[in-house]
Amino acid sequence: MNLTQKTKERIDAKRMINDRWRQSKWLEPLVYDLGSPGERGIIAVELEEEIRNVVGDPLDLLPKEILRKTPPHLPEVGQPRLMKHYVRLSQELTCEDNTTMFPLGTCTMKYNPKSHERIAETPRFTELHPRQDEKTVQGILEIMYKFQDYLKAISGFSSVSLQPACGSQGVFTNMRIIRSYQEDKGFGMDKKDEIITTVFSHPSNPATPAMSGYKVITLYPDETGFPSVEKFKAAISERTAGMIIGCPDDTGIYNPNIMEITKAVHDAGGLCILDSANANGYFGWARAKEAGFDMTHWNLHKSFSTPHGGAGPGAGPIAVREDLAKYLPTPKINFDGERYYWDYNLPSSVGVVRPFFGNTGVILRAFAWVTSLGGEGLREVTQTAVLNNNYLRMLLEKIPGVQVAYETKDRLHEIRWNLNQVYAETGVNSFQMIARICDYGVGDTFPSHFPYIVENPITPEPTETYSKEEIEEYAAIVKRVVEECYETPEIVMTAPHNSAMPHVPWETMFDPTQIAPCRTVWLKLQKK
Amino acid sequence: MKKIGFIVNPLAGIGGSVALKGSDGEEIVERAFELGAVCKSPERAISALKKLQPLKDKIEIVTCPEEMGENEAKSCGFLPVVIGSSFQRRTQASDTIHFAKEMLARNVEMILFAGGDGTARDIYDAVGTELPVVGIPAGTKMHSGIYATSPEDAGELAFLYLSGKQLKVKELEVMDIDEEAFRRGVVKAKLYGYLKIPDAPNFTQGTKGGGHQADDQFYLKGIAERIVTEMEQDIFYLVGSGTTCRAIMEKMGLENTLLGVDVVLNKKLVMKDVTEHQLLELLEQGKQSKIIVTPIGGQGYIFGRGNQQLSSRVIRKVGIKNVLVIATPSKIQSLPQHRLHVDTGEKEVDSMLKGAVRVISALNEVAVLEIV
Ligand SMILES: Cc1ncc(COP(=O)(O)O)c(C=O)c1O
C-alpha cells in the first residue's frame with residue numbers, strides 16, 4: 001500500500017487512541033422512584049413472646065414527645081434492587097481515578113495509592129471519635145504531630161496547624177493571621193487595608209482578603225506571564241497589609257523575582273503568603289521560607305495524593321514563621337515528652353476555623369504518602385511531574401493551533417495553553433474541545449480558573465502519575481480532536497457523546513429555572 | 001410572534017481579503033473587486049442565522065432586499081418580510097441606516113446584523129440605544145467591542161435573547177478607525193458611541209472562548225461609590241467619556257456627557273462638555289484638579305480616543321499623579337494583553353504616563369496594569 005505520510009500519522013495516532021471508550025450509562029431513576037409501597041430491604045424480626053412479656057412494647061420505652069406523628073418519607077426498596085442502583089451510580093459517576101487518565105488539571109489530580117486507602121479504612125482509625133479522651137487516641141495524635149514535622153521540613157517554617165479543611169480555608173486562616181498580626185502592631189484597617197495578589201492566583205486568594213475586610217489589588221501579567229517587579233512596586237505602599245500569590249501559579253511559571261518582591265512587601269510592613277497548592281512544582285527543591293514568605297498552605301487533596309473527586313473531604317493545613325505561631329487556630333497539638341495533647345490555651349489565636357482538629361482521614365493518607373516517599377522521594381515527585389509536563393509540552397507544541405500562553409520558556413508542573421487559533425479557524429472553543437477529549441476515555445481537562453484571562457484556555461497537568469505512553473496517548477487525543485475541529489466541527493461542538501452525561505448546553509447550567517437542587521424541585525420541573 | 005430585524009452588509013470585510021485594510025467607500029470596494037475579492041460576509045451571516053432555525057415558527061424576520069438579508073434568510077429556510085425592493089447597484093452605508101431606521105419603526109425587538117466597524121457605526125447612527133442589537137463579526141476592522149466572538153456565537157446570543165431568556169443588556173463601545181490613516185499605517189480609532197447588547201456570559205468580547213462573566217452593573221456601581229466617597233473638597237474633577245465615567249455622574253445625580261468631559265467641584269456640575277481651551281482656562285484658577293478616565297473596551301486607550309479635550313497640556317497642568325483610571329473587571333479582561341495605551345499627541349507626556357498604574361475596578365478592588 002502506498003500511504004501518504006499524513007495518512008500514516010493518522011493511523012498511528014488512531015492506534016494509540018482508545019476509540020471505543022464508553023462510560024457506563026444507565027437510565028437509573030432516583031432511589032425514591034424505585035420499589036413499591038411496603039417493599040423492604042431488611043425486615044426487622046418480631047420480638048419473641050417471652051421478651052415482649054418482660055419489656056412490653058419497645059415503643060413505649062421512648063418518651064411520647066419524641067415519637068413521630070407521621071412516618072418518615074423513606075425509599076421502599078428491596079436489597080438486590082438497591083444494590084444494583086448504587087453499583088450503577090458508581091459505574092456512572094465514580095472511579096474516575098481508576099478508569100480514566102488525566103482527570104482534571106491544575107488540581108494536581110494524581111493517583112491515590114490504594115494501600116493508603118486501606119490504612120484509612122481500618123476500624124482502628126474509622127472507629128475513633130474526636131470527643132474521645134486524648135489518652136485513648138495517642139496513635140492518631142502522634143501521626144498528626146509527626147505530619148506537622150513533615151510540613152515544617154517542606155516549608156521551612158516552625159509552626160503548623162492542620163485544622164483548615166480545604167485550601168480556601170487555609171488561605172482564609174492565613175489571611176486572618178495577617179489581620180491579627182497587623183492589629184497587634186497597631187495597624188488596623190484604618191492604616192493597612194490592602195492585600196496584593198495576581199490575577200493568576202487562585203480565586204480564593206482575592207476572595208478571602210475581601211471576606212476579611214481588605215481591599216484587594218490584583219496584578220495583571222506582562223508578556224512574560226507574570227507581573228513585573230515594577231507592577232508590584234506600584235501596588236505596594238504603606239497601606240499594604242500583605243500579599244498572597246501562587247509561585248508557580250497556574251501558568252507553571254516560577255516568578256524569578258520573587259525574593260525582590262517579598263522583600264519589598266516586608267519593607268512596607270506587609271506579610272507574604274505563598275499559596276502552595278502548586279507544590280508539585282517544587283517539593284523538596286524550593287521552600288516558602290527561603291523565597292521570603294512568612295506563611296503558606298497546602299492542599300493535601302492535591303499534591304499529597306489524597307482523593308480529590310466528589311468534592312472532598314480535603315485538607316488545607318498551614319505553616320507560619322515562628323512569631324506568627326501564637327495566632328494559629330485553637331486547639332494546637334502538643335507533646336510533653338510522654339503524651340500528645342490538645343492545647344486550648346491560646347489567647348492570641350484567630351480562633352476556630354472548623355470543629356475539632358482537621359480532616360484526620362485525609363491527614364492520615366497524606367502522612368502515609370510522605371512517609372512512603374521520604375525526602376528524596378518527594379524531590380523525585382517534582383522531578384517526574386516537571387519532566388512529564390515538559391514532555392507533554394513537546395508533544396502538544398507540534399499540534400498546529402495549540403499554543404503555550406505567554407513567552408516565558410521555563411515551565412514547571414503545568415502550563416496554561418490557548419486554543420485561540422483553532423477557535424478562530426473553526427469556531428470550536430476550548431470548552432467544547434475539552435468535552436470531546438472526554439469521549440476518548442480521558443478525564444475532564446481543566447480549562448482555567450476564573451477569570452479567563454487566557455482565551456480558549458486548557459490546562460492539562462500530567463503530575464508524576466502518568467507514564468510516557470499515557471502522556472503520548474493524551475497528546476494523540478488532543479491532536480485528533482483538533483483535527484476533528486477542522487473536519488467535523490459539529491461532532492466536537494455537541495460532545496461529549498460517550499459519557500454518561502450527554503452534552504449539556506452551558507446556558508442551561510446557569511439558568512436557575514432549569515436547575516433542580518433537590519427532588520421536590522425536580523418533581524415540580526417534571527410537571528411543567 | 002416576535003419580530004427581529006436582520007441586516008447583512010454584503011460588502012463587509014471585502015477590503016480585508018485583498019489587504020486593503022477596510023471596505024469603507026465606493027472606490028475601495030471597486031478596487032477590492034478588481035483585485036479578486038470575494039464576499040465572505042453573507043456566508044458568516046448564514047452561519048449565525050442557522051442558530052435561529054429552531055425558532056422558525058416563533059419569530060418573524062424583517063430584512064432588506066437580496067444580498068442585504070433576504071437571500072441569506074431564505075437560504076436558511078425562513079420566509080422573511082422584505083422591506084423595499086431590489087437594488088440595481090452596489091449597496092452602501094446609507095442603505096444600512098435606512099433599513100435599520102425602518103426596522104425600528106416597525107417595532108422589531110432586536111436587530112441582528114453582519115458587518116464590521118463601519119456597519120456598527122451605521123447601526124448606531126440609525127438606532128442608537130433604542131433597542132438591543134447583536135453583531136455578527138464579518139468586517140475587516142473589528143475594533144468595536146460590540147461584536148460577538150464568532151458568527152455562531154452571535155446566532156446563539158440572538159437565540160437566547162429571542163427564546164425569552166431574561167437577559168440583561170449592556171452597553172459596549174462602537175469604535176471605528178480612520179481608514180485613510182490606517183492605510184498609511186497609523187491606527188487611530190475613535191469612539192463613536194454605544195450600542196445595547198444582550199448580556200450573556202461567553203458571547204461578547206472580553207470573555208472570548210467562554211467564561212462566566214460577572215455582573216458589570218455591580219462593578220460599575222462599586223467604582224462609582226468608591227470614587228464619590230473619596231472625592232475631596234475644592235478639587236476640580238474632570239470626568240471623562242464613557243459609561244464607567246457616566247456611572248460616577250449618575251451616582252451624584254448629575255447630568256453628564258457620554259462622549260465628552262464634564263467638570264465637577266464639590267459634587268456639583270460646574271461645566272458640561274468642555275473644550276480643551278475651556279479646561280486650560282479653568283485650570284488657570286490655580287485650584288487642584290484630578291482627571292477620571294476609563295479605557296475603551298477591547299482596546300485600552302485612556303487618552304487620545306474619544307476624549308481629545310484631555311490633551312497633553314491639560315494633563316501636564318493637572319499632573320500625572322492626579323489621573324484616576326477606572327474600569328470594570330470585564331473591561332480589563334477585554335483589553336488586548338491587559339494593557340493600557342495613551343496617545344496625548346505629545347511624546348513626552350505619553351512617556352511620563354507610561355508604566356504600572358492602579359486601576360479602580362470595584363468598590364474594594366484595584367487592578368494594576370501597564371500603560372505602554
Ligand atoms: C492554587 C490554588 N490555591 C487554592 C485552592 C483552593 O483549594 P480548595 O479547593 O481546597 O479550597 C486551589 C484549588 O483549586 C488552587 O488551585
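Lettering follows sequence order; numbering is per chain, from 1.
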Quiz prompt | Crowding at NZ, B/Lys196 (>12 non-hydrogen neighbours, <6.0 Å) | solution =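 Yes, because the 6.0 Å sphere around NZ of B/Lys196 holds more than 12 heavy atoms from other groups.
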Quiz item: Hey, is OH on A/Tyr486 packed in by over 12 heavy atoms from elsewhere, all under 6.0 Å?
Solution: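 Result for OH/A/Tyr486: enclosed.
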So how far is it from [X] [atom1] to [Y] [atom2], rounded to the nearest 0.5 Å?
{"X": "B/Leu340", "Y": "A/Tyr220", "atom1": "CG", "atom2": "OH", "value": "11.0 Å"}
{"X": "B/Ile332", "Y": "A/Thr218", "atom1": "CD1", "atom2": "OG1", "value": "8.5 Å"}
{"X": "A/Glu223", "Y": "B/Glu370", "atom1": "CD", "atom2": "CD", "value": "7.0 Å"}

Quiz item: If you check every heavy atom in residues 48-55 of chain B against those of chain A, which residues fall under 4.5 Å?
Solution: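 The list, in residue order, is empty: none.
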Exercise. Sorted by first residue and then second, give each salt bridge (charged side-chain N to carboxylate O under 4.0 Å, His left out) pair with at least one member in residues 207-221 of chain A; sequence neighbours left out.
Key: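 Sorted result for residues 207-221 of chain A: A/Asp193-A/Lys215.
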Sequence neighbours excluded and cut-off under 3.5 Å, please list the side-chain donor-acceptor pairs for residues 361-368 of chain B, or say none.
unit_1   : atom_1 : unit_2   : atom_2 : d
B/Ser361 : OG     : B/Glu365 : O      : 3.4

Quiz prompt | Heavy-atom side-chain proximity of A/Pro489 to B/Glu152 below 4.5 angstrom | solution =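 Not touching, per the 4.5 Å side-chain cut-off.
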Self-check item: Portion of A/Gln432 that has a non-hydrogen atom of chain B nearer than 4.5 angstrom
Solution: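 Contact with chain B involves no heavy atom of A/Gln432 at all.
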Quiz item: Where does A/Pro221 contact chain B at under 4.5 Å (heavy atoms): side chain, backbone, both or neither?
Solution: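 Both parts, backbone and side chain.
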Self-check item: Contact leader toward chain A among B/Val357, B/Leu369, B/Val359, where contacts are heavy-atom pairs under 4.5 Å
Solution: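 Looking at each option in turn, the highest pair count goes to B/Leu369.
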Quiz prompt | Option that, when pairs with chain B are counted at under 4.5 Å, heavy atom only, ranks first among A/Leu219, A/Val428, A/Ile217, A/Asp222 | solution =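 Maximum pair count with chain B is reached by A/Ile217.
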Quiz item: Does anything in residues 225-235 of chain A get under 4.5 Å of chain B by heavy atoms, and if so which residues?
Solution: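 At a heavy-atom separation under 4.5 Å, chain B is reached by A/Glu230, A/Lys231, A/Ala234, A/Ala235.
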